[in-house]
Amino acid sequence: SRVCSAPSSLKSVQRSHGPAALSLGLAMESMESPSPSAEPMGAERTAAEEAFMQEWPQLSLQASSADYYFNSYNHYGVHEDVLKDSVTMTAFVKAILHNAHLFRGAVVLDVGAGLGILSLLAAKAGAKKVIALETQKELVMMGEKVARKNGFGPDVLEFVCGSAGTLEKLPDGLEQVDIVMGEWMGYFLMYESRLGDVLKARDRWLKPGGLMFPDRAKLYVALMEDAQYVDRHFNYYAKVWGFDYSVMRAPAQTEPVVNAFAPSQLLSTTPCVLDLDLRKCSVSDCFDMAAPFQCMCKREGKVHALLSWFEIRFDVCHKPVSFGTGPKSPATCWKQVAFFLNSSVPRHVRHNERVRGMLAVRKRSEERRHLDIKIVLEEASSEEPQVHFYRWT
């Protein structure tokens, strides 16, 4: 996996000087000079990326979100949202049923199977054996009922309660599988993601030359203008029923916003900051990453946020299948995620102006919901860049 070569409880934004300026400066120097088309798989971090990953604020996690996460995952409404997401589901249906030759007679492992929709598709495509691996007992019981209702017995589609990390061995004496698949992505690609389980399953049981479904994931960013949202949700705290709540603004403005934004709000090009090859990438490629980026402004405006979204690809298919979650794509349940910048005066940009920055993500805990996110953008003047720290739990 590599960073693309192309140029809820969180803590408040903090200013950082020396290391931020150094890391951003090094990144900008590297982006000014010609570079190879892509870094090789497993390439080490650049000096800029390493420096940027070193400085994080001391943030204390007051409570675990594990119980909330797993309990909420047990709510059927969560699965209803995904099942009704025609964009996501259509891509998986095409990838599996239109490539039945890849599944026919295969042993398939569905990681984080939920209620088993992908397992059902694999069985329908002719898989010899589908193992639906799910951590939640209630979902396993319901998934089994769904499978039987649709005519698939445990000899073809078998639910197993557990995870890739806790399961000691596969059923029926199996030691390898032909395909590992899963709908593992979350908001911002990584939030609530089950990628770690998918990669553990790949490393433990996928046979040499086996297939990953999906096999590619990309994360994109862009500069965004949204003065209306800032006024409604942040400037609002200046006067609340006759009282000054302005101390709430900074913490509130650091919370990632999951929403569907309009293409007209984009100010810039949309560089890719993460390109994951699911056949080879490691967990750290996703959850311990730093990536410089460069946006070219396509119009004049004020920068209020950095907007992010992802693309999922099935490149192994006879005819590659993909779906995107950006503002220019059809709506999905994943929407987009905006990181609003806590700047006293939003930066004003002009057409064709370049804005460079860096994004870092780390996961300090095994909790699936927990993410630390760090963003820095160069200033138009000679001022030290402001570093924005976010904590998503």
Side-chain angles (χ1 to χ4, degrees), residues 8-17 20 55-63 65 68 72 187-188 191-192 221-268 295 297 299-309 326-327 331 333-350 353 355 357 359-361 369-393:
S8 277
S9 169
L10 298 107
K11 302 300 178 180
S12 60
V13 168
Q14 301 181 23
R15 286 189 178 273
S16 177
H17 297 286
E55 188 185 50
W56 295 87
Q58 296 298 316
L59 302 177
S60 58
L61 181 61
Q62 300 298 324
S65 58
Y68 172 81
S72 67
Y187 297 129
F188 184 57
Y191 183 57
E192 295 186 343
V221 297
L223 305 179
M224 186 182 76
E225 183 174 40
D226 198 337
Q228 187 177 57
Y229 192 96
V230 171
D231 283 338
R232 287 182 176 178
H233 297 279
F234 306 131
N235 293 343
Y236 157 80
Y237 287 110
K239 190 173 183 180
V240 180
W241 297 104
F243 298 97
D244 185 348
Y245 269 66
S246 58
V247 294
M248 284 289 297
R249 175 174 174 143
Q253 199 156 349
T254 62
E255 183 172 351
V257 175
V258 179
N259 204 348
F261 294 91
S264 61
Q265 294 176 267
L266 297 182
L267 287 170
S268 71
C295 296
C297 296
R299 65 177 178 86
E300 186 174 357
K302 293 182 178 180
V303 181
H304 294 108
L306 188 72
L307 189 66
S308 67
W309 63 91
C333 64
W334 314 110
K335 302 180 182 179
Q336 298 95 46
V337 176
F339 298 94
F340 280 88
L341 308 172
N342 188 20
S343 304
S344 55
V345 179
R347 176 173 173 176
H348 184 270
V349 293
R350 300 184 182 279
E353 183 177 347
V355 177
L359 168 74
V361 179
R369 294 175 68 92
H370 181 98
L371 282 182
D372 285 343
I373 301 158
K374 182 179 180 182
I375 296 170
V376 63
L377 296 176
E378 67 174 350
E379 297 292 337
S381 64
S382 59
E383 296 180 10
E384 289 281 351
Q386 183 175 359
V387 183
H388 304 264
F389 293 103
Y390 305 82
R391 192 175 196 187
W392 209 347
T393 60

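- Pairing each heavy atom of W334 with each of Y187, the nearest pair is O-CD2, 3.4 Å.
- Residues L377 and L341 meet the side-chain proximity criterion, which asks for heavy atoms closer than 4.5 Å.
- In this structure, the separation between CD on E255 and CH2 on W392 is 9.0 Å, given to the nearest 0.5 Å.
- Between N259 and K335 the shortest heavy-atom distance is O-CB, 3.4 Å.
- Counting heavy atoms from C-beta on, the side chains of L306 and L223 come closer than 4.5 Å.
- Taken from OH in Y237 to CZ in R249, the straight-line distance is 11.0 Å, to the nearest 0.5 Å.
- Residues Q336 and P327 come closest through the heavy atom pair NE2-N, 3.6 Å.
- If you run side chain to side chain contact (heavy atoms under 4.5 Å, CB included) between L307 and each of L267, V257, L266, only L266 comes through.
- V221 has its side chain within reach of S308: a pair of non-hydrogen atoms, C-beta onward, lies under 4.5 Å apart.
- The two residues Q253 and F234 have their closest heavy-atom pair at CA-CE2, 3.5 Å.
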Would H348 and E300 count as a side chain to side chain donor-acceptor pair (under 3.5 Å) if you check the C-alpha gap in whole Å, the side-chain angles of each, and the deciding distance to 0.1 Å? CA-CA 7 Å; H348 184 270; E300 186 174 357; 2.9 Å; yes

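- Considering F339, F188, Y191, W56 in turn, F339 is the only one that fulfils the ring-ring contact (aromatic ring centres under 6.0 Å, His included) rule with Y390.
- In this structure, CE in M224 is found 11.0 Å from OG in S268, a value given to the nearest 0.5 Å.
- Side chains of E353 and R347 form a contact here, defined as non-hydrogen atoms less than 4.5 Å apart.
- Residues T254 and H388 have side chains not in contact (no heavy-atom distance under 4.5 Å, counting atoms from C-beta outward).
- In summary, of the residues considered (H304, K302, Q265), a side-chain hydrogen bond (donor to acceptor under 3.5 Å, both in side chains) with D226 occurs for Q265 alone.
- Among all heavy-atom pairs drawn from S264 and R299, the shortest one is O-NH2, 3.1 Å.
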